[in-house]
Amino acid sequence: MESPIRSHLSFLSLRIILALTLLYQVLYFIHRIKQNQTVGVTFILLGFSEYPDLQVPLFLVFLTIYTITVLGNLGMIFIIRLNPKLHTPMYFFLSHLSFVDFFYSSVITPKLLENLLVEDRSISFAGCVSQFFFLCTCAVTETFMLAAMAYDRFVAVCNPLLYTVAMSPKLCSLLVAASYSWGLVCSFIFVYFLLTLYFCGTKFINNFVCEHSAIAAVSCSDPSLSHMILLSFATFNEISSLVIIFTSYVFIFVTVMRMPSTGGRYKAFSTCASHLTAITIFHGTILFLYCVPTTKSSWLMVKIASVFYTVVIPMLNPLIYSLRNKDVKETVRKLITAQLRGYTS
């Protein structure tokens, strides 16, 4: 089995490669934007401006959600690093899922909070494209991170004796790096075709976030090719990840039902319950967005669903995994006890 130091160095080199790739893509996008005729274009994010009486209540709600999201996800990462019992493949994936959720929410929520308080809801073309790029990267990465976690649960339940060998540090690092890399590749392709569109003047985006359909809807050129590319890749991502998840859980279900003891079945199902809950919420919301046509009358439903998967889900994931996990709750309890003893001593 690969040593922890070598594995750490290998994963560190993958992080450096990803960072350099991201830097190259950002510089390329800036170059494209400068060459494009859309440099002077300004977007106005309408958000929830049609409900002026709800601006302050919505601000307080989203601020509370964002605070819980930041504390929950960063806290989860800290707890996993702190407790040696949690240095396993499952928690390795969970720590990266928490990082993606934290970054995901931080890309969207601060601008949403700002637009709920100020009258000027404008965002530059470069800022809007950058937000879409990072939003897309996080969404695709989380999609395949959840699929990798399903495979991890499959190995843990169906091949427990070979779990440590099968889910080696090298394989876990490769699965995580592949999720990040594919997220970056998809975002690069989507933004590339988005930058081929022509935009003119000041445009109103009927959403609180710069997502593809809302941006393409205000372009002054035909966005059909960009829509087709996005739909093709999104369909591939959704189907391929769901096939991995569904196949993994079919084998898990068959294995669990063959277990002779009820206690063994309950333990096996309980280890998968949190992950299944997270998958159901995440993919259920995305599939709902697929089914909602982007007509004028459906934009409110699109906004609500967008709020759910960009703002609410990053908050729910650490709660789902912590509330159902004895090791996480035990670590939190020890930290609180240690803090209380420190104050009383």
Side-chain angles (χ1 to χ4, degrees), residues 15 17-45 99-101 103-112 122-145 177-238 240-241 286 289-290 294 302 306 309-310 314:
R15 285 182 175 180
I17 293 172
L18 287 173
L20 291 174
T21 304
L22 177 60
L23 178 61
Y24 169 77
Q25 291 177 347
V26 170
L27 292 175
Y28 178 79
F29 292 156
I30 293 173
H31 175 68
R32 288 280 302 174
I33 290 170
K34 286 182 178 179
Q35 285 187 329
N36 204 297
Q37 298 178 7
T38 59
V39 179
V41 170
T42 300
F43 292 140
I44 308 294
L45 293 172
F99 171 75
V100 172
D101 281 334
F103 191 74
Y104 202 177
S105 183
S106 297
V107 169
I108 305 300
T109 313
K111 186 64 178 177
L112 170 61
S122 63
I123 182 171
S124 67
F125 180 79
C128 196
V129 171
S130 299
Q131 188 186 68
F132 168 69
F133 173 81
F134 290 116
L135 168 68
C136 184
T137 301
C138 291
V140 176
T141 300
E142 181 155 344
T143 299
F144 286 95
M145 198 77 71
S179 299
Y180 284 118
S181 299
W182 184 242
L184 289 170
V185 169
C186 289
S187 300
F188 175 77
I189 293 172
F190 297 156
V191 172
Y192 174 83
F193 282 96
L194 195 63
L195 290 175
T196 61
L197 301 178
Y198 176 76
F199 298 87
C200 48
T202 300
K203 295 296 182 180
F204 293 90
I205 293 181
N206 194 13
N207 209 329
F208 64 91
V209 60
C210 291
E211 52 91 23
H212 184 274
S213 60
I215 299 174
V218 298
S219 84
C220 300
S221 55
D222 183 13
S224 56
L225 177 60
S226 183
H227 276 307
M228 185 184 68
I229 296 296
L230 177 75
L231 182 62
S232 299
F233 275 85
T235 303
F236 169 79
N237 291 339
E238 192 67 12
S240 59
S241 62
I286 290 179
L289 279 172
Y290 267 107
T294 54
V302 172
S306 297
Y309 90 89
T310 59

Please report the interatomic distance CZ(Phe190) to SG(Cys136), rounded to the nearest 0.5 Å. 5.0 Å
Nearest 0.5 Å, what's the NE2-CG distance between His227 and Leu194? 9.5 Å
Nearest 0.5 Å, please: how far is CZ in Phe99 from CG in Asp101? 11.0 Å
Would you indicate whether the side-chain heavy atoms of Val209 and Leu45 approach each other to under 4.5 Å? no
Measure the spacing between OG of Ser122 and CZ of Phe204 and express it to the nearest 0.5 Å. 10.5 Å
Kindly assign one of parallel, tilted or perpendicular to the pair Phe103 and Phe134, based on the angle between their ring planes and the thresholds 30° and 60°. perpendicular
Scan side-chain atoms only and decide if Thr310 and Ser306 contain a donor-acceptor pair under the 3.5 Å cut-off. no
Heavy atoms, side chains only, cut-off 4.5 Å: are Phe125 and Ile215 in contact? no
Interatomic distance, SG@Cys128 vs CZ@Phe133, rounded to 0.5 Å, equals 14.5 Å
Would you say Cys210 and Ile123 make side-chain contact, with heavy atoms under 4.5 Å? yes
Heavy-atom side-chain proximity of Ile205 to Ile44 below 4.5 angstrom: no
Quick check: closest heavy atoms across Gln131 and Val107, and the distance to 0.1 Å? NE2-O, 3.4 Å
Sole candidate of Asn237, Thr141, Thr137 that passes side-chain hydrogen bond (donor to acceptor under 3.5 Å, both in side chains) when paired with Trp182: Asn237
Looking only at heavy atoms, which two atoms of Tyr309 and Pro314 are closest? And how far apart? O-CD, 4.0 Å
Side chains of Tyr180 and Met145: closer than 4.5 Å at any heavy-atom pair? yes
Report yes if the side chains of Val218 and Phe199 come closer than 4.5 Å at any heavy-atom pair, otherwise no. yes
Which heavy atom of Ser221 sits nearest a heavy atom of Tyr198, and at what distance? OG-N, 2.9 Å
Donor-acceptor pair, distance only, cut-off 3.5 Å: does the side chain of Ser232 make one with the backbone of Met228? yes
Return the minimal non-hydrogen interatomic distance between Leu197 and Ser226, and the atom names on each side. CD1-CB, 4.4 Å
Atom pair CG/OG of Leu231 and Ser213 - distance to nearest 0.5 Å: 11.5 Å
Contact between Phe193 and Pro223 at the side-chain level, heavy atoms closer than 4.5 Å - yes or no? no
Is the side chain of Thr42 donor-acceptor paired with the backbone N or O of Ser124 at a distance under 3.5 Å, no angle test? no
Side chains of Lys203 and Cys220, heavy atoms from C-beta outward: is any pair under 4.5 Å? yes
Parallel, tilted or perpendicular: ring planes of His212 versus Phe132, cut at 30 and 60 degrees: tilted
